[in-house]
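Data block below; observations after.
Owing to the predicted nature of the structure, the values given are computational and were not obtained by experimental measurement. Just so it is clear: chains get the letters A, B, ... in the order the sequence lines come, proteins before strands, and each one is counted from 1.
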Protein chains: 2
Amino acid sequence: MRNKTINIAVTGLLLLAVMAIADDVNVDHDIIPVELADSAVLLRERALLDNLSVEIVESLTTEVGPRRVGTDGDKRAIAWAEAKFKELGFDRVWTEEVPVERGWIRGEARAEIVSPYPHNIVLTALGYSVGTNGDLVGEIVEFADFDALEAVPEGDSLQGKIAFVSYSMADYVPEPGESRTAGYGKGTRARGAGHVAAAKRGADAIIIRSVGTDNNRNGHTGSGYGYVDDVKRIPAAAVSAPDAILIQNMLRRGKPVVMKLNMTSKITGPVKGANVIGEITGRSDADNYLVLGAHLDSWDEGTGAIDDGAGVGSMMAAAAFIGQMEQRPRRSIRVLLFAAEEIGLVGASAYYADHEDELDHHVLGAEVDGGGGRAHTLISGVGEASVPVIREMHKLVAPLGIAWSDANDATGASDMSVLGRAGMPALNFMQNSNDYFMYHHTPNDTFDKIIPEDMRYLTAAYATMFYLAAEMEVDFRD
Amino acid sequence: MRNKTINIAVTGLLLLAVMAIADDVNVDHDIIPVELADSAVLLRERALLDNLSVEIVESLTTEVGPRRVGTDGDKRAIAWAEAKFKELGFDRVWTEEVPVERGWIRGEARAEIVSPYPHNIVLTALGYSVGTNGDLVGEIVEFADFDALEAVPEGDSLQGKIAFVSYSMADYVPEPGESRTAGYGKGTRARGAGHVAAAKRGADAIIIRSVGTDNNRNGHTGSGYGYVDDVKRIPAAAVSAPDAILIQNMLRRGKPVVMKLNMTSKITGPVKGANVIGEITGRSDADNYLVLGAHLDSWDEGTGAIDDGAGVGSMMAAAAFIGQMEQRPRRSIRVLLFAAEEIGLVGASAYYADHEDELDHHVLGAEVDGGGGRAHTLISGVGEASVPVIREMHKLVAPLGIAWSDANDATGASDMSVLGRAGMPALNFMQNSNDYFMYHHTPNDTFDKIIPEDMRYLTAAYATMFYLAAEMEVDFRD
């Protein structure tokens, strides 16, 4: 694959040389030498023409599919990632075991409204929920959001009841300046802690409206923050948006709405995952490395295309493109595919624990974990003296339609933020994620949701920035 | 409800009187007397402000839900319709039994790809399919469309195989002038007859890509044309679009793709449905009636909001609005809610068999069975001498954004076309149905898909036209 791609690249590069020179005129060549800038533009343009990132997502979602940590799918994903790194010409490939203190079996989740009107209800167990141990029947009590549930005094007022948090992310009206998806955070409060809050008020179970922006008849799963000692462990599930609306329309009629819930999910003992790492080894400063992150695990009902196949594809491809250039970059580039992100950045925390004393060698990091949409804004998270350098580097991705933010508070996002918060310099490309919450954590997170042109743009942005950063001698901590 | 609504109407009517007069200037008052035209415009404007059609859909989908013929849901729907007609002030309400020669139990449909890559596959049994009688395992053989399957010589070449028709309605490119949803007909060929064609070539089962335009992880069910004597009865199912793409991506790799299919669906003995009829009895020519149709039954995985709750709501409301005017219309208006449309216009055929000798009393008919989208074009299906009359009537709905077609070949659509083809004058309002095939015949056909404003426009169009037709003395057969 490498040779073929280089041939295509060479042909493309000749054609694009004129563009490259035109692009360079505004760059300060005291910061980015002209040859380096030219190479970066040629790399960028070549990446825009190459579908590799999309092919990687297709390969992962077709040949592996769902890969929740501890499952057979996760094991296949680890083997797949090792093989794919090698196929793409990475110089070093290895895995690092990630112990996970508990596993989980999804089982089945079924529900129906028993009265006043019989209806099948579509829902999905929230991650690491206990099962119902047979049929659980209870009257539904609605709460507009997590705050409303928490406003109920602790005690037994919800005894025999099923709490229902009907907060709708889709109907959240963003504050001025907030993103279209700002309602997500508010929704994850009940998803993460609703089962504890409801249990403290005596409830037998909790259901929430799925945290998402779609109107599809599938639940959005996601992980709770776990059970708490001395608080009853109650089952937790997310109903689809149409089913949440149906239940609300029944409740509006003023009659008791009674649901029968049956979930066979089960928490198990410890399982193992692995971070998978591929390295393009630097030609002269191999021991310092830039890190491109994504998570390899996924939820288990879709095939994990946007979450986070898109991250795996764009980061593997960006590094592979750099590896396919005439010579290795000055510093190394490592692609970190993290385990067990979905249950709380477990792989990232394990990586940090194992590599804390090497943090200084991590030159710059970034992660894609928001789908395959185009990057629209670059935010740095570097030392003050490095900001002007990033500013110049940005000029070489600006033609992809990427703006610049002065915030300089990026931590790398998702798993990578574990390292970013510990002091590693970081970048974030903010992405168009308007469709992301329609599909994420659902059976609908499948390969057909990837938009190839957008993935190529995203990948080109990372390839360009990290190639520049790998070649330069800047210490981004300065 | 009637008194309250009349009060609202009266208030509205006063305010709208000026508009009405302005609207009338182009109408030929030799054909439509000025008082009648004014009343029609006032009715139209009042209907635009009244959410009754939407409330009816909400009531049906919440209080009843799925209602496939012969199921408990269907029985509840019949009782619901009778009660709703009475509540809305219809003068006469009755049911007419519809015998159906076979029933069907959906059971469960599960499938997985066994090799080369294990995957769960989301699919739904096609209506009236037999089950698999345990696990059925076979290699998948793809056919681009129904023609490609039929091109295989009859015999046993598909023995031990599962035929897969991958035709995608979503990717059909309409010919110039065709509607955006023109690919539906081509898709229904494999849905309706694929199981017979595949069995004649020895296949053990058939799966088709769901006939729809969405990318959601749910199958679109629908009815086959039944099994044929002396041809093996094989199970038939529709896979979701994402799963169809996944299977195609596996097949592209050149290795055998083996699927395990387990369906517990079952054909049963005869069942009974009923057409439910509500009448606004005419004040002076009660024995001649205009008929507004929709079908009461639905598929069983959604709650039948767009198919055909939208028809039930718009037609019931249109007639109810006419019934809430100061006096009954000259001729009667009947709303016909047909049984068992989804399995082949069975209720409509029974109605025709029972009422063939009264066909002359059916003055004009129409049906809504394409969702709740706005009407965009009016097509008549009347005698030549009546066309100019319909043309004048059209002027009073044109302000709703409705064009006029000269075709004069309408038969009333769906169930109503049984009467239309037998000679009953008919109208069709062509509707915006761009979203219709995203949801229809899926679990996703739920109330939240209804757009209230569009439903009000649709209902206003029918109320206006049928009020005019009920008041006039025209014989639309002329």
Pick one of side chain, backbone, both or neither for Ser240(B), based on which atoms fall under 4.5 Å of a heavy atom in chain A.
neither
Toward chain A, the part of Asn218(B) with a non-hydrogen atom under 4.5 Å:
neither
N/O donor-acceptor pair under 3.5 Å between Lys449(B) side chain and Pro242(A) backbone:
no
Side chain, backbone, both or neither of [X] within contact of chain B (heavy atoms, under 4.5 Å):
| X | answer |
| --- | --- |
| Pro116(A) | neither |
| Asn120(A) | neither |
| Val122(A) | neither |
| Asn249(A) | both |
| Glu58(A) | both |

Mind running side chain to side chain contact (heavy atoms under 4.5 Å, CB included) on Glu63(A) and Arg253(B) for me, showing each step along the way?
CA-CA 10 Å; Glu63(A) 295 162 21; Arg253(B) 285 164 164 82; 2.8 Å; yes
Identify which of Ile245(B), Asp214(B), Leu246(B) forms the greatest number of heavy-atom pairs closer than 4.5 Å to chain A.
Leu246(B)
Heavy-atom closest pair, residues Arg217(B) and Glu301(A):
NH1-O, 3.1 Å
For the student: nearest non-hydrogen atoms of Thr303(A) and His119(B), plus distance:
CG2-CE1, 3.8 Å
With a strict 4.5 Å heavy-atom criterion, list every residue of residues 434-448 of chain A that contacts chain B, or say none.
Tyr439(A), Pro443(A), Asn444(A), Thr446(A), Phe447(A), Asp448(A)
Test of understanding: with side chain to side chain donor-acceptor pair (under 3.5 Å), list the residues that count as partners of Gln431(B), not counting sequence neighbours.
none
List the residues meeting salt bridge (charged side-chain N to carboxylate O under 4.0 Å, His left out) with Arg252(A), not counting sequence neighbours, and say none if there are none.
none
Pairs flagged by ring-ring contact (aromatic ring centres under 6.0 Å, His included) wherever residues 55-86 of chain A is involved - sequence neighbours left out
Phe85(A)-Phe90(A)
